[in-house]
Undergrad: 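After the structure tokens below, expect a handful of questions from me.
Letters A, B, ... mirror the listed sequences (proteins, then strands); counts begin at 1.
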Amino acid sequence: MKFWSRYFIPTLKESPSDAEIASHKLLIRAGLVRKLGGGVYTFLPLGLRVMQKISRICREEMERAGAIELSMPHIHPAEFWADGPRWGPVREIMFRADSAGDGRRAPREPEFVLGPTHEEVITPLIKSEITSYRDLPKNFFQIGTKFRNEIRPRYGLMRAREFVMMDAYSFDADDEGAVRSYMAMKAAYESFFRRIGTNAICVEADTGVMGGSFSHEFMVPAEVGDNDLFYNEESGYAANREKARSSLVPEGHADAAPAGAPEEFPTPGVVTIAALEAQPHGVPADRQFKTLIFIGDGMPFAVILRGSDELEEAKLGSLGFTLTRPATAEEIEPVMGARPGSLGAVRGTIRNPAGLAGVFADHAVRLVGNGTTGANRDGFHLRNVNVTRDLEITRFGDFRRIQAGEPDPLGGRPLKVRRGIEVGHIFKLGTKYSERLDAGYTDDKKERHLFVMGSYGIGLSRTLQAVIEESHDKDGIVWPWAIAPFQVLVCLLDPQDTEATVIAGRLAAAAGRAGADVLVDDRAERPGVKFKDADLIGIPLRITVGGRGIKEGVVEMKWRNAPETLKIPLDESEARVEAAVREKA
RNA sequence: CGGGGUGUAGCUUAGCCUGGUAGAGCGCCUGGUUUGGGACCAGGAGGUCGCAGGUUCGAAUCCUGUCGCCCCGACCA
């Protein structure tokens, strides 16, 4: 039990000017956190209590799923990262942790870095500690601080430079085992998010810089989220934008009947889809082929889309290049024979086909019959172009950015879209890390195999804020019971009144006996101030003890998420409070 | 890192364009009146106007630089 007057809950009437979104304002106004610098926050007592509750539930669910807790260092010798597979892409977000030197010079290369995640630390550890199939599978997790020098920290804890994360790493003997570990984590995540009272949705996700074979994200729906998720409740399909597919091309689709042979026609100055759409040419965008050239690991390749579609660049990851970027006009011309705006993939028109690593077409281009594309000759296009007959396609794939309303890939129902906050991510890594670090075990036939790994993360501090974003009203936070910093607030309106103080003490004790964390507002403030603060900090159950009620022989019970105030006769009050708490807990 | 914005008391801010003694609200302290949804009255403390140069008789205000913070983009839990 805590007394407000002796505790520390610095609430604010006004939001600081640097807070933009509701949850960020409330974090600060309700006295949960204070900013130290950009993306760096102190957890005040109330915020810490919520973090601890979230962490505890997370720990319980991870342990229940068979994961084992450990704790790895926050500073890592830099060579652990230099030896790893992703030093390049990750180093720009890593903090270096060197000796400060003489203040003028710092070592050119970092000696230590602050851990942004721990694959590079745990894999060598397990490599040296686990050598036999008898010790597999294993799944290790930890809950602690991560450091990432985000290019742009934002929205309070939502994207911070220092944040609290649960990260877990599974090691299995084979792929089948790795899938089992992955599924166990997926179930643990679902249970965790449900228990803390958030409505996180699991979606198919892109693996990004982590690499690996497949992945899911857990998203809390919110307007301020920075990711679009496409879904259909009936089919159960859900994926984030980078991964979302739709089934635009019907099963058994055949090319349209050719209207004739491809025919070159002059299009001086026409270098955009829109220009070709306009008169005098009048070719609708969805009858055009869009030909984009990228460089993948140093080699140019082409991507073909419908003129009306946009490329989803993340989907190029499926091509297997480790690094892709758009090609420059200077790189394109020698290979294609023309500059951007006049490009195409019609057989025989590419100047140096051997110079291309491939021509990859989005499935949707198959819908284009007798289309128009660049002639690989500046100022000319080709009409009557048909996919199978005319285009030089290495293979089809999913490359386009999808739109809400398109048919979902499972049942063809319209996809809906909404914004979401990514709070958790699970990856099936496969052998990417174990291969690079040569981490493996010996099986019962004395043969050596690589560990098949998975890695799993939940942004716990981000989750805290996502819950606020999801659960607040105009007056303040509405905490779910399980993670509320206190579950019961006994609001003692007049702490000078001895009788009321005694009653408040008894009710607080009763709530505590029933298992609630209790806060007693014993401040010498006016009732209005106390009520406003109570709503702001969002304690689920408020018990008001005041002179007016006592005169009537009642105390009042009010749930934060319900409008009505219940009057409870004094002689029943302790039992009623206990019962209310037990029902929740 | 590119683009935009902003920096004045613990918080929210006015003043800046058009240079001339730095103002308000909230919060805080004292006294009084109040006391069931952010009370009222009176008094008070608190600011080298982010920092460094420059222009000027004189700079919060104009100029240059620099730093912090916020927003938009790529990235992420």
Undergrad: Just compare rC76(B), rC11(B), rG36(B) and give me whichever is closest to any side-chain atom of Glu14(A).
TA: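 So the side chain of Glu14(A) is nearest to rC11(B).
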Undergrad: Would you mind pulling out the nucleotide paired to rG46(B), Watson-Crick or G-U wobble, both distances under 3.5 Å?
TA: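 Partner of rG46(B): none found under 3.5 Å.
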Undergrad: Would you mind reading off the distance between Lys532(A) atom NZ and rG36(B) atom P, rounded to a whole angstrom?
TA: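 To the nearest whole Å, that distance equals 15 Å.
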Undergrad: Taking the side chain of Lys558(A) as heavy atoms from C-beta outward, which of rC72(B), rG37(B), rC26(B) is closest to it?
TA: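 Nearest nucleotide to the side chain: rG37(B).
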Undergrad: For the side chain of Asp533(A), counting heavy atoms from C-beta on, which of rG36(B), rC76(B), rG38(B) is nearest?
TA: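 Nearest listed nucleotide: rG38(B).
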Undergrad: Under a 3.5 Å threshold, yes or no: a donor from one side chain and an acceptor from the other, between Ser181(A) and Asn139(A)?
TA: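 Their side chains do not contain a donor-acceptor pair, so the 3.5 Å distance test is not met.
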Undergrad: Please determine, for the side chain of Arg542(A), which listed nucleotide (rC71(B), rG37(B), rG38(B)) has the closest atom?
TA: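 From the listed options, rG37(B) comes nearest.
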Undergrad: Separation of Asn240(A) atom CG from rC76(B) atom C1', in whole Å?
TA: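 For the pair Asn240(A) CG and rC76(B) C1', the rounded distance is 12 Å.
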Undergrad: Report yes if at least one side-chain N or O of Ser17(A) is closer than 4.0 Å to OP1 or OP2 of rC69(B); otherwise report no.
TA: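 It does not, given that no N or O in the side chain of Ser17(A) lies less than 4.0 Å from OP1 or OP2 of rC69(B).
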Undergrad: Base, sugar-phosphate or nothing for Thr463(A)? Non-hydrogen atoms, less than 4.0 Å.
TA: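 Counting heavy atoms under 4.0 Å across all strands, no contact is made by Thr463(A).
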Undergrad: Does rC17(B) have a Watson-Crick or wobble partner in any strand here, with both distances under 3.5 angstrom, and which is it?
TA: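 Across any shown strand, rC17(B) pairs with none.
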Undergrad: Under a 3.5 Å limit for both distances, which nucleotide forms a Watson-Crick or G-U wobble pair with rU56(B), could you say?
TA: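 Partner of rU56(B): none found under 3.5 Å.
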Undergrad: Of the nucleotides rG38(B), rC75(B), rC71(B), which one has an atom closest to the side chain of Tyr155(A)?
TA: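 So the side chain of Tyr155(A) is nearest to rC71(B).
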Undergrad: Of the listed nucleotides (rA77(B), rC75(B), rC70(B)), which one gets closest to any side-chain atom of Asp226(A)?
TA: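 Of rA77(B), rC75(B), rC70(B), rC75(B) is nearest to the side chain of Asp226(A).
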Undergrad: With a 4.0 Å cutoff (strictly under), does any side-chain N or O of Arg526(A) reach OP1 or OP2 of rA39(B)?
TA: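 Checking Arg526(A) against rA39(B): at least one side-chain N or O falls below 4.0 Å of OP1 or OP2.
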Undergrad: For Glu331(A) and Thr328(A), which I'm curious about, is there any donor-acceptor pair between the side chains at under 3.5 Å?
TA: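 Distance-only check passes for Glu331(A) and Thr328(A).
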Undergrad: Going by purine N1 to pyrimidine N3 plus the second Watson-Crick contact, or the G-U wobble pair, all under 3.5 Å, which nucleotide sits opposite rC69(B)?
TA: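 Checking every strand shown, rC69(B) finds its partner in rG5(B), with both distances under 3.5 Å.
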Undergrad: Identify whether any heavy atom of Asp167(A) sits under 4.0 Å from a base atom; if not, whether one sits that close to sugar-phosphate; answer base, sugar-phosphate or nothing.
TA: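 Contact class for Asp167(A): none.
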Undergrad: Using OP1 and OP2 only, check whether a side-chain N or O of Arg154(A) sits under 4.0 Å from rG73(B).
TA: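 For rG73(B), OP1 or OP2 has a side-chain N or O of Arg154(A) closer than 4.0 Å.
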Undergrad: Given atom CZ of Arg152(A) and atom C1' of rG3(B), what is their separation to the nearest angstrom?
TA: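 In whole Å, rG3(B) C1' and Arg152(A) CZ are 11 Å from each other.
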Undergrad: How many Å lie between CZ on Arg29(A) and C1' on rG10(B), as a whole number?
TA: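 In whole Å, rG10(B) C1' lies 16 Å from Arg29(A) CZ.
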Undergrad: Rounded to the nearest angstrom, tell me the gap between atom CE in Met165(A) and atom C1' in rA77(B).
TA: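 Rounding to the nearest Å, CE of Met165(A) and C1' of rA77(B) are 5 Å apart.
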Undergrad: Please pick, from rG36(B), rG37(B), rC75(B), the nucleotide with the shortest atom-to-atom distance to any side-chain atom of Thr544(A).
TA: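 Shortest atom-to-atom distance from the side chain points to rG36(B).
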Undergrad: Any side-chain N or O of Lys146(A) less than 4.0 Å from the OP1 or OP2 oxygen of rC76(B)?
TA: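 So the side chain of Lys146(A) is outside the cut-off, no N or O lying under 4.0 Å from OP1 or OP2 of rC76(B).
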Undergrad: Could you please name the option among rG37(B), rC76(B), rC70(B) that lies closest to any side-chain atom of Glu150(A)?
TA: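 Among the listed nucleotides, the one closest to the side chain of Glu150(A) is rC76(B).
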Undergrad: Both distances under 3.5 Å, Watson-Crick or G-U wobble: report the partner of rU12(B), or none.
TA: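 Base-paired to rA24(B).
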Undergrad: I'd like to know if the side chain of Glu556(A) pairs up with that of Thr565(A) as donor and acceptor (distance under 3.5 Å, no hydrogens or angles considered).
TA: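 The criterion, which ignores hydrogens and geometry beyond distance, is not satisfied for Thr565(A) and Glu556(A).
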Undergrad: Do Glu120(A) and His76(A) get their side chains close enough for a donor-acceptor pair, meaning under 3.5 Å?
TA: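 Side chains of Glu120(A) and His76(A): no pair found under 3.5 Å.
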Undergrad: Using atom CZ of Arg241(A) as one end and atom P of rC75(B) as the other, report the distance to the nearest whole Å.
TA: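 Result: 12 Å.
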Undergrad: Has Phe163(A) got its ring stacked on the base of rA77(B), with centres under 5.5 Å and planes less than 30° apart?
TA: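 By the stated criterion, Phe163(A) and rA77(B) stack.
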Undergrad: For the residue pair Ser23(A) / Gln465(A), report whether a side-chain donor-acceptor contact shorter than 3.5 Å exists.
TA: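 Their side chains do contain a donor-acceptor pair, which is all the 3.5 Å distance test asks for.
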Undergrad: Let's test this: given Watson-Crick or G-U wobble pairing with both distances under 3.5 Å, identify the partner of rU34(B).
TA: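 Result: none.
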Undergrad: Counting heavy atoms from C-beta on, name the nucleotide in rG38(B), rU12(B), rC76(B) closest to the side chain of Pro16(A).
TA: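 Nearest nucleotide to the side chain: rU12(B).
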Undergrad: Taking the six-membered ring of Phe163(A), is NZ or CZ of Arg462(A) closer than 6.0 Å to its centre and within 45° of its axis?
TA: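 Judged by the rule (NZ or CZ under 6.0 Å from the ring centre, within 45° of its axis), Arg462(A) is not positioned above Phe163(A).
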